[in-house]
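Only one structure is covered here, and it is reproduced in the block below.
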Amino acid sequence: MLHIKDLYTAVDNKKILEGLNLSVNVGEVHAIMGPNGSGKSTLANILAGKEGYNITQGSVSYENENLLELSPEERARKGVFLAFQYPVEIPGVNNIYLLKAALNAIRKHQGKPELDAMEFMNLVKGKMKLVQMNKDLLSRSVNEGFSGGEKKRNEIFQMAILEPKLAILDETDSGLDIDALKIVAEGVNSLRNKNRAFILVTHYQRLLNYIKPDHVHVLSKGKIVRSGGPELALELEEKGYDWIN
Amino acid sequence: MNKTIRHYLADFKQLQNIKKDDWFSKQRQSAFNIFQESGFPSTRKENWKYTDVKPITKKLFSNITNSNVVISDNEIDAILFKELECIELVFVNGAYSEKYSNIKNLPNKLTIRNMANAFVNDEDFLKKHLSQYVNDDSSSFVTLNTAFIQDGVYINVPSDLTLERPISITYISKDNSNIFATHPRNLIFMGENSKATIIENYIGIDDANYFTNAVTETSLSQGASLKHYKIQQESSNAFHIGSLNTSQNKDSRFESHSISIGGALVRNDINARLNKEGAEIMMNGLYMTDNAQHIDNHTRVDHFKPYTQSNQNYRGVLNGKSRGVFNGKVVVHPQAQKIEAYQNNANLLLSDDAEIDTKPELEIYADDVKCNHGATIGQLDNDMLFYLRSRAIDEQTARSLLTYAFADEIINNISFQSIKNKLEHLIIGRLPDSSLIREYV
C-alpha cells in the first residue's frame with residue numbers, strides 16, 4: 001500500500017531524513033520509534049503533505065500513485081489520515097461542521113452519496129462512545145479550549161468518522177494519562193481491520209502495551225536502523241536509545 | 001478661493017436662500033464660515049495622514065437634496081431588515097421617505113422624527129442640543145455637515161423607557177442625473193436609565209456615484225444604555241465620511257458596533273467622551289476591503305473621570321490592492337484614576353498588494369490606571385490551513401473558512417441574535433469564494 005524508497009529531506013538546508021525505506025501493507029500496524037530529533041514527526045508530516053519540506057531524493061508511492069505529487073486534501077480524500085501531535089485550535093470553525101464537510105468530501109471522492117445532517121448525527125453518536133467524547137466539545141470551535149487529552153481524543157474521534165485506509169498517529173500517546181491512553185488505544189484497536197493500515201509514531205513503548213504492532217522500526221538520524229517484531233520495542237524500553245547507536 | 005470651495009459656497013447660498021426663515025440659518029452660516037476658513041484636511045494633518053481626501057474634493061457634488069428619486073419595492077425589500085420589526089426611518093438620496101418609513105405606534109413620550117420635521121416641531125430642544133455633542137472645529141467635514149443639514153433623524157428616549165424594538169435608520173443612495181452629496185445629521189438623546197438599540201445603515205444601489213457626509217451625535221444621561229450599530233455598505237464608487245460622537249454621563253453604557261464593507265473611500269470616526277464616573281463604552285469594529293477600496297477607522301476616547309471604561313476591538317480583512325487604516329487614540333485625563341482602557345486591532349492581509357496602517361495611541365496623564373493596547377498584522381495561519389486540508393477540505397475553501405472565522409470574532413461580540421445573523425450573511429457575501437463555505441456556518 002505504502003512504499004517509501006530512499007527518502008531524503010531537508011528543511012532550510014538542514015538534513016532530516018537521510019535515506020529512509022519503509023513498506024506498509026494493508027491491514028498492518030507499524031510502530032516507528034526513535035529518539036527526539038530522529039525525524040519521526042517529519043515523516044508523519046511529509047506523508048500527510050505538509051509544505052516546507054524539501055524532498056531532495058527518493059519516492060513515496062501510495063496505492064501505486066506518487067503520493068508526493070498530491071495535495072494534502074487529495075491525500076485525505078484517498079484515505080490518508082494524520083492524527084496530529086499538536087492539534088491546532090481554530091477559533092470560529094465549528095468542529096462538527098468541519099467533520100461533516102470532511103466526511104462528505106471523502107465520500108464524494110469515493111462516489112458515495114453525501115450524508116445529510118440526520119444521517120451524519122447518527123454516525124457521530126455511535127463514534128462518540130468509542131472515544132468517550134464529551135458531546136459539548138462537538139459544537140465548539142475546532143480544538144478551542146480543549147485540554148491536551150481532549151484534543152488527542154478528538155483526533156481519534158475524527159479518524160473513527162473518516163475511516164481512513166492509512167492512519168498515521170503522530171505521538172498520540174504523548175501527554176496522555178493512563179486512562180486517556182487506554183481510551184485512545186481502544187479506539188485505535190476497534191478500527192483495526194484487514195483493509196486499514198496504521199503507522200504509530202511514538203517515543204515511548206507504553207502505547208504499544210495497548211496497541212500491539214505487527215512491525216516495529218527504530219528511526220535514528222533520518223533512517224530506519226533496525227526493524228523487528230513487538231519484542232524490539234520491549235528491548236528498546238529496557239536498553240534505551242543509546243543501545244541503537 | 002479654490003474651485004471646490006467656490007462650488008460649495010454657491011450651493012450654500014442656494015440653501016440659505018431656500019431656508020432663509022429657518023431659526024438655524026445663523027448657525028449654518030457660522031459653520032460654513034469655519035469650513036471656508038479651514039478647507040478640506042490635507043494629509044499633512046496628523047489625523048488625515050493616511051487618508052487623502054482629494055478624490056472627494058476634486059468632485060463637484062450637488063449639495064441640495066433632490067427628493068424626486070424613487071426606489072422600487074423590490075429594492076427596498078432587499079435592503080431593510082424586515083424580520084427585526086424595527087421602528088423604521090428610510091431616506092433616499094438624503095430625503096426622508098414617508099412611504100418606506102414606519103414610526104407609528106410609538107411608546108408614550110418617545111420622540112422619533114426626521115430632522116427636517118424636528119426643525120419645525122422640536123425647535124426648543126434642538127436649539128439646546130444640536131451641535132452640543134460634537135466639536136464644530138473637530139473636522140471640516142463636521143462643519144460642512146452642519147452647514148448643509150437638510151434631513152436626518154432626531155430621537156429622544158424618555159427616562160426609564162426600555163425600547164424593545166430596534167430603531168433602524170437607513171440612508172439609501174441611488175444614481176441620479178448628477179453626482180450628489182448628502183449630509184445626514186442624527187441627534188440621539190437618551191434620558192436617565194433608558195435603553196435602546198439603533199441601527200444606522202448606509203447603502204448604495206448599483207454603482208451610484210455620490211458622497212455621504214454623515215454626523216451622529218448622541219448624549220446618554222445617567223444610567224442610560226445605547227447599543228449602536230453602523231453598517232456601511234455604500235456603493236463601490238461612493239465616498240463616505242461619517243462620525244459618531246458620544247457624550248456619556250454617570251454609569252451610562254454605550255455599545256458601538258461598526259461594520260464597514262462598502263465604498264471607494266471611507267472614513268469612520270468615533271469620538272467618545274466619558275464625562276462622568278462609571279461611564280463605559282465598548283467599540284467593536286470590522287472592516288473588509290477589496291480591489292482599490294480605502295477604509296479608515298479613527299477612534300478617540302476621552303476618559304475625563306475616574307472609574308470609566310473603554311474597550312475597543314477592531315479587525316480588518318484586506319484583499320486586492322485595498323488599503324485600511326486604524327488609528328485609535330485613548331486620552332486619560334489627569335483626574336481620571338482607576339479607569340480601564342483596552343484597545344486591540346488585528347488585521348488579516350489576503351494579498352501582497354493590500355496595505356494596512358495601524359496606529360494605536362495612548363496618552364495617559366493619570367497614574368493609577370489599567371491600560372493596554374496592541375496591533376497585529378498577519379496572513380492566514382499555515383498550521384490551521386494544513387489542518388483543514390489534511391481533513392480533505394480544499395485549499396480555497398480552507399482559506400475562505402479561516403478568513404470568515406477571523407472576521408466572525410467581531411460579529412460574535414454582538415448579543416442581538418437577529419442582527420448577528422444578518423451581519424454574518426453580509427460578511428460571508430463579501431468573502432472570496434463565499435459559496436464554498438455556506439454549509440459550515
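Remember, it's a predicted structure, so these values are computed and weren't measured experimentally. The sequence lines fix the lettering, A, B, ..., with proteins before strands; numbering per chain opens at 1.
Using a cutoff of 4.0 Å between basic side-chain nitrogens and carboxylate oxygens, B:K422 and B:E83 are scored as salt-bridged. Taking the charged nitrogens against the carboxylate oxygens, B:E355 and B:K321 have no contact shorter than 4.0 Å, which rules out a salt bridge.
Taking non-hydrogen atoms and a 4.5 Å limit, the residue list of residues 376-396 of chain B in contact with chain A, ordered by number, reads B:D383, B:M384, B:F386, B:Y387, B:L388, B:R389, B:S390, B:R391, B:A392, B:I393, B:D394, B:E395. Residues of residues 42-54 of chain A lying under 4.5 angstrom from chain B, judged on non-hydrogen atoms, are A:N45, A:A48, A:G49, A:K50, A:E51 in numerical order. Within residues 103-112 of chain A, the residues having any heavy atom less than 4.5 Å from a heavy atom of chain B are, in residue-number order, A:A105, A:I106.
Donor-acceptor pairing under 3.5 Å is recorded for the side chains of A:E28 and A:N25. Of the N and O atoms on the side chains of B:S310 and B:E280, not one donor lies less than 3.5 Å from an acceptor on the other residue. Of the N and O atoms on the side chains of B:N347 and B:N345, at least one donor lies less than 3.5 Å from an acceptor on the other residue.
Contacts classified as salt bridge (Lys or Arg N to Asp or Glu O under 4.0 Å) and involving residues 125-147 of chain A (residues at least two apart or in different chains) are given here: A:K127-A:E163.
A:L98 touches chain B through backbone and side chain together, each having a heavy atom under 4.5 Å away. Heavy atoms closer than 4.5 Å to chain B are found nowhere in A:Y86, neither backbone nor side chain.
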- Item | Audit row: B:H257, B:H228, ring-ring contact (aromatic ring centres under 6.0 Å, His included) steps and yes/no | CA-CA 6 Å; B:H257 302 277; B:H228 182 273; 9.3 Å; no
